Amino acid sequence: MKILVVGGGGREHALVWKLKESSRVEKIWCAPGNGGIAGEAECVAMDASNVPALVALAEKLQPDLTVVGPELPLVAGIGDAFRERGWPIIAPSAQAAQLEGSKIFSKEFLERHNLPTAKRYGTYEKASEAYAALEGVNFPLVIKAEGLCAGKGVILAKDKSEARDFIERALEKNELGAGGQRLLLEETLEGDELSFILLTDGERYAPLVPTRDHKRAFDGNQGPNTGGMGAYSTDDLLSPELRETILTTIVEPTMRGLAADGIRYQGFLYIGLMLTPSGPKILEFNCRLGDPEAQAIAARMDFDLADVLADSAAGRLDPEKLRWRPGASVCLVLASGGYPGKFATGKPIRGLAAVAESGAKVLHAGTALQAHEGPSLDVVTNGGRVLGVTAAGATLDAALASAYRAAAKIAFEGVHYRKDIGAHPSNAQATKAREAKG
């Protein structure tokens, strides 16, 4: 098999890592890739959101399978463009990708099919109407920009002042661009978040292992929201009873709703959940693997990813093929100084060779290769989220220890990362339970 991976972040490096392990795979291209992916696949410089250019590239390369990582090409219709030509691809249609591309489309879908979710206060295009609506809502308040805003389109406003500031920036100052032209106001759900991701061929589906993401920039869930500062996976996240509840009250009704709306969904479907006291409720849909959830998930894969994805693209997914390593995994994100605000790039990264001997896998996100004197190339920073140090272990504590030991070997100017990934009351209780049994 020859495979084209679309994207250039940590999620795509995780895909390349696992696809490369398959005995069926002889060639991987990644468009555009990054400084780390370049060591494991052939990178092709390209705008990953440019669907016509990707079609032209695939026409030239003739891959046996294309796997799409980021949301922009999905919303732009890469799935339709490839399937029209009979090319196997892991990607939902443009219509299906509106579940992520339009928060209002998604909300209407949830309401139409009576899926458990947060109550909607209203949808607003005019700042004056949004300001007025603040008089009749409860705080904290969730405000969502309708479209894609590079991870900056959702805020949990703790009071009226924060809400007015976000509305002003989106609807009056146009700071979020086209994606922020309409705002959705909804109630805040209380509980623990969980990322529940599926792979589906349009009829059958297979859940991946559960993950939990850390969105805030700093320890203790402080600071601004980011694209994700780390994620972990452990079976303790999901009891058999909760798993069954999610499948019967969330997953099955979602799949039936898509079918009822004439949407044959194929690819990855990310269901962001809030585990509330009254049961799991849907926070959001993404039409792709999460990042950094994908890195933690990849570390627990015990199956041939290329084989499973080829089956899924061909409409013959076998959920029994997806087998998982027991225990836990973690992805620790090393970010540039200042992220998610302004940050510098081009900073040399040191210590990567030392990590290769530690048992952890360093998955590159925002890196590039830079020439210097001599035949070799330097790896430098080229984004906000730079690296994802990923490790697995028999327990979450073991996986965390491995990841943090590896992270301590890496240095670049301004590097920062959270020291409390995986810290959660439920994890502490699980650890005590295991110690009591042992």
Side-chain angles (χ1 to χ4, degrees), residues 1-22 24-74 76 78 81-82 87-91 150 227 288-289 291-292 294-295 298 305-306 309-310 331 333-334 336 345-350 352-353 355-356 361-372 374-390 410 412:
M1 289 179 68
K2 298 177 180 178
I3 300 178
L4 171 62
V5 176
V6 176
R11 166 185 48 227
E12 290 74 40
H13 195 176
L15 287 167
V16 168
W17 171 37
K18 287 298 160 179
L19 291 168
K20 197 174 190 307
E21 290 182 349
S22 170
R24 295 183 59 185
V25 174
E26 65 172 76
K27 177 73 176 182
I28 303 176
W29 298 277
C30 192
N34 60 41
I37 293 174
E40 301 183 51
E42 181 181 334
C43 293
V44 183
M46 182 168 293
D47 178 359
S49 64
N50 187 335
V51 171
L54 290 164
V55 168
L57 177 65
E59 189 82 64
K60 174 185 173 185
L61 301 178
Q62 292 292 299
D64 299 300
L65 175 68
T66 298
V67 185
V68 183
E71 63 273 23
L72 287 173
L74 298 175
I78 191 172
F82 275 50
W87 299 343
I89 187 169
I90 298 296
R288 55 189 167 83
L289 284 167
D291 186 341
Q295 294 89 309
L305 180 61
L309 293 184
C331 176
V333 172
L334 275 58
S336 293
T345 59
K347 305 299 182 183
I349 302 172
R350 300 175 298 279
L352 293 174
V355 175
K361 175 72 173 178
V362 179
L363 296 168
H364 292 232
T367 69
L369 296 177
Q370 186 177 85
H372 73 301
S376 62
L377 298 171
D378 283 336
V379 180
V380 300
T381 65
N382 192 41
R385 291 188 295 170
V386 179
L387 302 168
V389 179
T390 304
I410 299 171
F412 55 87

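Being a predicted model, the structure only gives us computed values, none of them experimental. Note that these values count all heavy atoms, side chains included, but never hydrogens, waters or copies made by symmetry.
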Write down the atom of Asn34, the atom of Ala365, and the distance for their closest heavy-atom approach.
ND2-O, 3.4 Å

Might you point out which heavy atoms bring Ala45 and Pro32 nearest each other, and give the distance in Å?
CA-CB, 4.4 Å

Quick check: closest heavy atoms across Leu54 and Phe82, and the distance to 0.1 Å?
O-CZ, 3.8 Å

Would you compute the distance between atom CH2 of Trp17 and atom CD of Glu12 and round it to the nearest 0.5 angstrom?
14.5 Å

Which of Leu363, Val355, Thr367 passes side-chain contact (heavy atoms from CB on, under 4.5 Å) with Leu387? Answer is Thr367

Do Ile349 and Val380 make a side-chain contact, defined as non-hydrogen atoms from C-beta onward lying under 4.5 Å apart?
no

Look up atom CG in Leu305 and atom CD in Glu21, then write down how far apart they are to the nearest 0.5 Å.
9.0 Å

Salt bridge (charged side-chain N to carboxylate O under 4.0 Å, His left out): pairs with one or both residues in residues 30-44, sequence neighbours excluded
Lys27-Glu42, Glu40-Lys361

Criterion side chain to side chain contact (heavy atoms under 4.5 Å, CB included) on Val379 and Leu369, from CA distance to verdict:
CA-CA 5 Å; Val379 180; Leu369 296 177; 3.8 Å; yes

Minimal non-hydrogen separation, Val44 against Leu57, with atom names:
CG1-CD1, 3.9 Å

Approximate separation, where rounding is to 0.5 Å, of Ser49 OG and Glu71 CD
10.0 Å

Shortest non-hydrogen separation from Ala310 to Arg24 and the atoms involved:
CB-NH1, 4.4 Å

Non-neighbouring partners of Asp291 that pass side chain to side chain donor-acceptor pair (under 3.5 Å), sequence neighbours left out:
Gln295

So which atom in Val68 and which in Ala91 form the shortest heavy-atom distance, rounded to 0.1 Å?
CG2-CB, 4.1 Å

Kindly write out the residues that satisfy side chain to side chain donor-acceptor pair (under 3.5 Å) with Asn50, not counting sequence neighbours, or none if the list is empty.
none

When rounded to the nearest 0.5 Å, the distance separating CG of Leu65 from CD1 of Ile28 is 10.5 Å

Rounded to the nearest 0.5 Å, what separation is found between the OG1 atom of Thr345 and the CZ atom of Phe412?
11.5 Å

Are Ile3 and Leu309 packed together at the side-chain level, in the sense that at least one heavy-atom pair is separated by less than 4.5 angstrom?
no

From OG1 (Thr381) to NE2 (His364), nearest 0.5 Å:
12.0 Å

